[in-house]
Amino acid sequence: MFMSLSIQRRAGLVLAVVAFALAGPARADDPPQPRNEASTPAGQKTGRGGNAQNAAQASPVASDRRLPDDSTTKQTLDLPGRTLNFAATAGSIRVFNEKREPLADVAVTSYELDGADRATRPVTFLFNGGPGASSAWLQFGAVGPWRLPLDGEGLSPSASPEVKPNAETWLDFTDLVFIDPVGTGYSRVIASDEDARKRFYSVDGDVNSIALVIRRWLEKHNRLTSPKYVAGESYGGIRGPKVVRQLQIQHGVGVRGLILVSPLLDFREFTGTSLLQYVASLPSYVAVAREAKGPVKRADLADVEAYARGEFLADLVKGEADKEATNRLADKVAELTGIDQAVSRRLAGRFDVGEFRRELDRKNGMVTGRYDGSVRGLDPYPDSGSSRFGDPSGDALQAPLTSAAVDVLTQRLNWRPDGSYEVLNGSVEHNWDFGGGINPPQSLSELRQILATDAKLNVLVAHGLFDLATPYFGTKRALDQLPAFVTARVKFVVYPGGHMFYSRDGSRQALRGEVEALIRE
């Protein structure tokens, strides 16, 4: 789900850290566990707590409890114009090392429609990002059978966590499998050594474990012949292409389609000295400013996109030593955003996300959201010389979403693990190994590879206009660099909304339509 601001800033500091992949061929080949059939029908982008204390609490030594057996319940969902009957399975898949020693239990929640032909029924595997976000964001925000409102009155820590039937669920046209990477949801390391956690809290180790879980789920549920799709949000943009590539070349599993929601594809844009970070963010800054005056669509930003890739970039490249170019740039940014010209000149027109969020409406003591810049909140320290505010568009969601996830899993799906449910685990981010060498993580190489390897593979990339965490224009610029042979197989769409643009009814409905078209193609 989320990609944190501290991750962006720290990406440039981790270049010399050696990546931990899963040492040896980790396995997920435990014999299938018997399902616990319940007899009665049922009635990310930054986490808090990324400190040493929480990191210690997340260590394997402190989390040696194994998850309970799977629980399968029969469900009925009444929706406008249709009724869906399906089996819901909440449980886990155990991952082993090369010595067949258990390493982790990865929590998985799946929904399979009754009466479908398993050989031809599509199945979609979904995960969020962070790193450190559980799949609850996609499951209960957009895709699953039940949805929690994430906007309006729902944008509050004290909002009701009660879920409602989701008319926009994808279950009509694909079975759904939500994966919580290790350290998120109820997923946990069960090995006793510290190295076990390091295996999973890394770019390569994380991808290896998710690919293993997908293959194992397919085997466990007799779905190897089903059409397969993968969907990831935010840091899921790094995971998604890499997971598909692992499935293609390591596990003998082909994937028909990849769906990326508000993805990050390349950390290189977000390292401290990259000029492209300003190019990527400018259209979203202007979209946020214009949204305050009325509804905005991407087509309304054609002038800004042209300026960002043209005169704006040209003036950036000239550098601050060129006073004429710098003032021209700063004044244009002030004109487009409404931020005071003197402030823009002081910052040379180069606003990082935190500066923009504070300066846009500083006169009223308000800050914008990072995950949705169209959301405003009070600055708790309006007179402070430093930025000491949270995210009004993200922080408010963690409490109701956590409660909703726990309630659905324990009460509706009859699966009751011990321990805490981690909807957004800051200690995962705190301990994440982003890899070594001089190259920050990116998945564009794998995206090229999977598209070249499978001429039938299609990709859908969806963004929100007001997302300041993973700006849509940064992804568009990256996709524009792909070779011509993939152009017809990569679709790029942008909707009103932020990082979780699906919280808006119209955007969620439009996304569902695009995904259905991709899967039914």
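Position 1 is the first residue of the sequence, and the numbers go up from there.
In this view, F466 satisfies the ring pair (Phe, Tyr, Trp, His ring centres under 6.0 Å) rule with no residue, not counting sequence neighbours. Residues forming a side chain to side chain contact (heavy atoms under 4.5 Å, CB included) with E162 (at least two apart in sequence, or on another chain): S160, K164. With sequence neighbours left out, S284 forms a side chain to side chain donor-acceptor pair (under 3.5 Å) with no residue at all.
Salt-bridge formation is detected for the pair E168/R508: a Lys NZ or Arg NE/NH1/NH2 atom is positioned less than 4.0 Å from an Asp or Glu carboxylate oxygen. Residues D195 and R197 are not paired through a salt bridge, judged by the lack of any N-O separation under 4.0 Å between the basic side chain and the carboxylate. Checked for salt-bridge contact, R345 and D331 meet the test: a charged N lies under 4.0 Å from a carboxylate O. Ion pairing between a basic and an acidic side chain is recognised when a charged N comes within 4.0 Å of a carboxylate O; R290 and D300 show no such pairing. Using a cut-off of 4.0 Å between Lys/Arg side-chain N and Asp/Glu carboxylate O, E355 and R370 are scored as not salt-bridged. Ion pairing between a basic and an acidic side chain is recognised when a charged N comes within 4.0 Å of a carboxylate O; D480 and K476 show such pairing.
Environment of CD in E324: sparse, with no more than 12 heavy atoms of neighbouring residues, nucleotides or ligands closer than 6.0 Å.
In this model, a donor atom of one side chain and an acceptor atom of the other lie less than 3.5 Å apart for S374 and D372. Between the side chains of S134 and Y421, a donor-acceptor pair is found at a separation under 3.5 Å. When only modelled atom types and interatomic distance are considered, E429 and Y201 share no side-chain donor-acceptor pair under 3.5 Å. T174 and T124 share a donor-acceptor pair across their side chains, judged by distance under 3.5 Å alone. Using a 3.5 Å distance cut-off with no hydrogens or angles, the side chains of Y495 and Q509 do not pair a donor with an acceptor. In the model, N425 has no side-chain atom that pairs as donor or acceptor with a side-chain atom of T184 under 3.5 Å.
Paired with V244 under the rule side-chain contact (heavy atoms from CB on, under 4.5 Å), one option of Q246, Q248, K242 passes, and it is Q248. Partner V243 forms a side-chain contact (heavy atoms from CB on, under 4.5 Å) with one of V207, D206, L212 and no other, that one being V207.
Nearest heavy atom pair, residue T337 against residue A289, reads O-CB, 3.4 Å.
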Side chain to side chain contact (heavy atoms under 4.5 Å, CB included) between V143 and T169, worked out: CA-CA 5 Å; V143 179; T169 182; 5.6 Å; no
With ring pair (Phe, Tyr, Trp, His ring centres under 6.0 Å) as the test, would you mind laying out the steps for Y371 and H499 before giving the verdict? CA-CA 5 Å; Y371 299 113; H499 201 66; 5.5 Å; yes
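Between R328 and E311 there is no side-chain heavy-atom pair separated by less than 4.5 Å.
Classification of the F312-Y307 ring pair by plane angle, with boundaries at 30° and 60°, yields tilted.
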